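Keep in mind that the numbers below use all heavy atoms, side chains included, and drop hydrogens, waters and symmetry copies. Throughout, protein chains are lettered first and strands after them, A, B, ... in sequence-line order, and every chain is numbered starting at 1. Because the structure is predicted, anything quoted here is derived from the model rather than measured.
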Amino acid sequence: MRTPKALATVAVTSALALSLAACGSDDSDAADSGPTVTVTDSRGQEEVPLNPDSVVVFDMGVLDTLDTLGVDAVTGVAKGGATPSYLDKYAGDDYVGVGDLFEPDLEAIPRTEPDLIIVGGRSSEMHDTLEDAFDGVPVLDMSVDESSYFESARANARELAKIFEKSDEVDEIIAGQEKRVEAVREQADGAGRGLVLLTSGGEVTAYSVGSRFGFLHEDLGVEAATGELGDQETRHGEAISFEFVKKTDPDLLYVVDRDAAIGEEGKSAEEILDNALVRGTKAWKQEKVTYVDAEAWYIVVGGLTSMDTLIDEVEQSLS
Amino acid sequence: MTTTAPVAPTTPPALRAVGMVGGVVGLVVLAAISLSIGVADLSWEIVSSSRLPRTLALVLSGAALAVCGLLLQLLVRNRFVEPSTVGTTEAAGLGLVVVTLLAPGAPLLAKMGTAALFALVGTWLFLAVVRMMPVQETILVPLVGLMLGGVIAAATTFLAFHNDLLQTLNSWMTGDFSGILRGRYELLWVAAVLVAIAFFAADRFTVAGMGETFSTNVGLDHRKVMAVGLGIISVVSAVVVVTVGMIPFLGLVVPNVVSALVGDNARRGLPWVAILGSGLVLVCDIVGRLVRHPYEIPVGTVMGVLGAAFFLYLLLRRSPDAS
């Protein structure tokens, strides 16, 4: 198997050697101030300082992973509504608000004197803006590839752990998760067909293989219920009627209440789904409707703790 | 000005009656098609809890929005306006966002009431701006309306953006009947009642459409008629936005077609406006349900495409001899 620690050591030493060799010609802060490590993000490879003192995080999944690993170098986070409740300490005054997920606050970021800035997912579009604005500060794009959600999220976690010399911890967590995923896959085999619905403002969209919630089928092994009706791949989710839910007649229903995810108490998902058509489905009759943790499913993408939640919820829905 | 039809058609009454019967039959056929299209297999339960409510919602909101378009055109004395191009609908949307932020758990009626109030203020604002314009050119009035609507929509987007409501706002504002079930559209009957009132007051609106001086000369309280008309328009817009969302251009397209067919008499035109309005929404929703079956395309999107094309056609066709 992989030996990330050894790899990291090699990377660190070679980076060190390189930066020493290039001394004088390389004027970036990172190279001047100490050892660096080569990290692979979704855009390629990036040289970042080892154990940086000040990290600005725009992605909730990254924030989740760093928090889970016990990293305390985060000084600035994206604020503005969508901070998940289990990470709410980062919404407090101890952390500089550096904008929101869609727009960086370029005046607030320098106050953190960042050594490293991390974006991903919703915030990945600001990558180039940040790179231009903060010369010499590496910007990582830790977006999760949703078509191979778990694999991509684990790779990101390993890369992040490398920066903070937490590779042993991350390997232990991932090994534990992999074991549980195996168990869930076994349970899912023969447990019936599952369908993911997202409710928002009284309307319903369905998700299947290849979508942001495709991990349910691809990683956790729950058979997709939509295959026989339309095409298997509904990447972005499709607007559907309640008749669609009745006709699909899933054995397992997973409901993401989008309005709850963003902290708005609108019509709750239960209220929207409690109607004659949905009540007629196998999932409803057998009480196999799971109202999932919308923060873990929708807001935080690929955090170590949020993935724990996903696995937990699907595990419970199958037992 | 623009309120007089270019040519008042002199269709004989007998022919008009035949046409009306044809229109009603066409509407019934469309309704039957709408009842027969869906994802689930046909059964009484499906018809009564899903298909019939959806079809009724389509008919009611189509008729109500088209009638509102005609009313607004008469009251503003301009053929190129309708609630979604003068800021009424946008204001209703702003009201919905504001009430959602201030009182998330408010009952549906309170939400509708707030939306209606905002719609009223938005429409009033538009009329006030139009009255202040030195030259009330035919094309300028709807442009001012579009700009006003844009400003209101920008404020709504700003509010929604800062409260992470952007996608929710989008799903509210896009006209969509996919969520309609028994128990989730009944508010639209309020709109139906208001449309019925408009039928009774049809002659007054026709006279009001000839201008304030004329109305006063023949003994009509112009202010009162305006107030009733604006009230109807605002409440109907709010009801439709709250239950199904925004259906653009409907109130523009239908009255223009009808006035080209039967002239500008509101009493004669209203039944036609209602029938064609319902029919057009039915067609758009049927298309939206069929194109990506079993998934759906919102009716607002389909109507946006059809309506924008027609709006353009109207502007281009009439521009040389508009006034």
Side-chain angles (χ1 to χ4, degrees), chain A residues 78-83 100-103 122 197-208 226-231 233-234 236-249 257-268 271-281 298-299, chain B residues 37-43 45-51 53-54 96-97 99-101 103-108 111 160-185 242-245 285 288-289 292-299 301:
Chain A
K79 294 179 183 177
T83 314
D100 55 33
L101 297 184
F102 303 97
E103 214 176 340
R122 293 171 177 87
L197 298 179
L198 179 126
T199 63
S200 177
E203 280 145 27
V204 183
T205 27
Y207 290 78
S208 187
T226 47
E228 55 217 70
L229 276 185
D231 41 352
E233 304 232 342
T234 54
H236 300 288
E238 298 276 359
I240 51 152
S241 59
F242 293 108
E243 285 190 29
F244 180 92
V245 184
K246 184 181 164 63
K247 174 78 176 177
T248 315
D249 196 11
D257 187 344
R258 186 183 176 277
D259 298 343
I262 55 174
E264 180 212 348
E265 295 169 47
K267 247 191 196 174
S268 79
E271 211 180 305
I272 294 168
L273 290 180
D274 189 3
N275 61 61
L277 299 184
V278 177
R279 281 196 293 264
T281 59
Y298 190 80
I299 299 287
Chain B
I37 292 176
V39 181
D41 304 321
L42 210 56
S43 71
E45 189 211 343
I46 289 290
V47 170
S48 71
S49 61
S50 164
R51 304 281 175 84
R54 184 169 189 158
L96 195 54
V97 169
V99 76
T100 304
L101 290 176
L108 202 57
K111 283 186 177 165
F161 180 81
H162 275 270
N163 292 283
D164 257 314
L165 273 174
L166 217 48
Q167 275 166 293
T168 310
L169 176 72
N170 196 27
S171 63
W172 275 340
M173 292 309 278
T174 313
D176 185 359
F177 289 83
S178 65
I180 295 289
L181 290 172
R182 189 177 57 221
R184 293 185 189 177
Y185 79 103
V242 168
T243 37
V244 295
D285 191 57
R289 272 185 275 174
R292 283 190 46 69
H293 193 80
Y295 310 118
E296 301 212 0
I297 294 176
V299 74
T301 310

Which of the residues B:Arg182, B:Arg51, B:Glu45 is involved in the greatest number of heavy-atom pairs with chain A at under 4.5 angstrom?
-> B:Arg51
Do you know which of B:Pro298, B:Ser50, B:Gly245, B:Gly183 has the most heavy-atom pairs under 4.5 Å to chain A?
-> B:Ser50
Contact class of B:Arg54 relative to chain A, heavy atoms under 4.5 angstrom = side chain
Which bit of B:Phe161 is near chain A, if near means a heavy-atom gap under 4.5 Å: side chain, backbone, both or neither?
-> side chain
Using modelled atom types only, decide if a donor and an acceptor are shared between the side chain of A:Glu243 and the backbone of B:Val39 within a distance under 3.5 Å.
-> yes
For the atom pair CZ (A:Phe242) and CD1 (B:Ile46), what is the distance rounded to the nearest 0.5 Å?
-> 12.0 Å
If you take all heavy atoms of [X] and [Y], which pair is closest and at what distance?
X: A:Leu277; Y: B:Ser49; answer: CD2-OG, 3.7 Å
X: A:Ser241; Y: B:Glu296; answer: CB-OE2, 3.3 Å
X: B:Arg184; Y: A:Asp274; answer: NH2-O, 3.7 Å

Chain B contact via A:Asp249 - which portion, at a heavy-atom distance below 4.5 Å = neither
